[in-house]
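First the structure, in the form of structure tokens, and then the observations on it.
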Number of protein chains: 2
Amino acid sequence: MQFTKAEEYGVLGVIYLAEQGDNRIIPLSEVAESQGVPEKFLAKIFQNLTKASIVRSHRGIKGGFSLGKNPVKVTAREVIEAIQGPYNLIRCIGDPASCVKHPTCPVRFIIELAERSLLEVFEKYTIADLIGWKQEQLAS
Amino acid sequence: MQFTKAEEYGVLGVIYLAEQGDNRIIPLSEVAESQGVPEKFLAKIFQNLTKASIVRSHRGIKGGFSLGKNPVKVTAREVIEAIQGPYNLIRCIGDPASCVKHPTCPVRFIIELAERSLLEVFEKYTIADLIGWKQEQLAS
DNA sequence: CTCTTCTGCTTTTGTAAATTGCATGCCGAA
DNA sequence: TTCGGCATGCAATTTACAAAAGCAGAAGAG
């Protein structure tokens, strides 16, 4: 079980945008370079974020991406699920039919609890919280 | 991020052994067939469980596997970590060197919290708890 | 001895993640 | 109105790892 790079890059990208402040428009190339991630990969991720209105895209010269929402109101869960789709630690939770043979499967029981507690964490912290934490680290 | 089949099969296998009671010795073929999982794959998983003393192996005719510990004292975390090694949702947590460029990486911050809350769940429930839950489901 | 079962190692297969490439469309600026 | 920079969308590739299969060997019971 591992956090994917797409999720990681996406969160980092949104944070970078938020840090520039004032809803500035930043070209993707700058975001990618600043975070040291492949631009084309980030492009795909940002398309998902655009669909979820977390960022806004601007074409043409001087184009790029700006924040679509107030970072205080965007939770980590929203960003992650915009990128990966709904969270499923195990297939049979998203698709109960595949688990129909084991209506009493104890693995599902514990995975459901684990998933819930994971989502609680992701829901508890906003992009603004993550930036705040980063500032604290820099200060200390 | 997904729970792996190895983890799932391992937990199911241990539960099956525990359900037979009295530390009976069960050949791997029976465990595999009862859970509908490939025997060779399960074999590798059980080797790890053996090293962690969660199960005990017995060779020769009438050989197989028996429980190595009281199911009341084996947590889901122990089983899972015996199979997969220490839990790392993200690479830079297990290997901080790979993250040295970003000492303030906010992703690490939230992933560490997520990981901790995940492990708390896995630590809270024992094999006996899972079996108990299964019985409840059957009863209702 | 010999048959059965685990053991250890190697190899293959399958699938999803991660990345790259390219043709296209849009937009602002000159 | 044209040009260049930038996003878009889809296709293709590469990489990585999970999942599974294979096989020779060791250990134990009868």
I want to check something: taking the side chain as every heavy atom from C-beta on, are A:L67 and A:P71 in contact at a cut-off of under 4.5 Å? yes
A:Y9 side-chain N/O to C:dA18 phosphate OP1/OP2 under 4.0 Å: no
Review item, side-chain donor-acceptor pairs of residues 126-133 of chain B, under 3.5 Å, at least two apart:
| residue | atom | partner | partner atom | Å |
| --- | --- | --- | --- | --- |
| B:T126 | OG1 | B:A128 | N | 3.3 |
| B:T126 | OG1 | B:D129 | N | 3.1 |
| B:T126 | OG1 | B:D129 | OD2 | 3.3 |
| B:D129 | OD2 | B:T126 | N | 2.9 |

Output a table of nitrogen or oxygen pairs between the protein and nucleotides 25-29 of chain D separated by less than 3.5 Å.
| residue | atom | partner | partner atom | Å |
| --- | --- | --- | --- | --- |
| D:dA26 | N3 | B:R59 | NH1 | 3.4 |
| D:dA27 | O4' | B:R59 | NE | 3.2 |
| D:dA27 | O4' | B:R59 | NH2 | 3.3 |

How would you list, by chain and number, every residue that makes a side-chain hydrogen bond (donor to acceptor under 3.5 Å, both in side chains) with A:S57, sequence neighbours excluded? none
With sequence neighbours left out, which residue pairs that include part of residues 58-74 of chain B fulfil the side-chain hydrogen bond (donor to acceptor under 3.5 Å, both in side chains) condition? B:H58-B:S66
Do B:L17 and B:F46 make a side-chain contact, defined as non-hydrogen atoms from C-beta onward lying under 4.5 Å apart? yes
Separation of atom CD in B:E30 from atom P in C:dT4, rounded to whole Å: 17 Å
Residues of residues 42-54 of chain B with any non-hydrogen atom less than 4.0 angstrom from an atom of DNA chain D: list those, numerically ordered, please. B:K44
For the pair made of NZ in B:K5 and P in D:dA21, what is the distance, rounded to whole Å? 12 Å
Distance in angstrom units between A:Q35 CD and C:dA18 P, rounded: 17 Å
Is the closest side-chain heavy-atom distance between B:F65 and B:P27 below 4.5 Å? no
Filter on salt bridge (Lys or Arg N to Asp or Glu O under 4.0 Å), then keep only pairs touching residues 45-55 of chain A, sequence neighbours left out; what's left? none
Taking only N and O in the side chain of B:S57, is any of them less than 4.0 Å away from OP1 or OP2 of C:dT7? yes
Atom CD1 of B:I25 to atom P of D:dG30: distance rounded to whole Å? 11 Å
Starting at CD1 of B:I83 and ending at P of D:dA20, how long is that distance when rounded to a whole Å? 14 Å
Grab the CD-P distance between A:Q84 and C:dA17 for me, whole Å please. 7 Å
Run the side-chain contact (heavy atoms from CB on, under 4.5 Å) check on A:E19 and A:K134 step by step: do they pass? CA-CA 11 Å; A:E19 284 176 332; A:K134 190 172 165 184; 3.0 Å; yes
Without decimals, in angstroms, what is the distance between A:F41 CZ and D:dA7 P? 17 Å
From the set C:dC6, C:dA18, D:dG9, return the single nucleotide nearest to any side-chain atom of A:K40. D:dG9
A:E120 and B:S117: side chain donor to acceptor below 3.5 Å: no
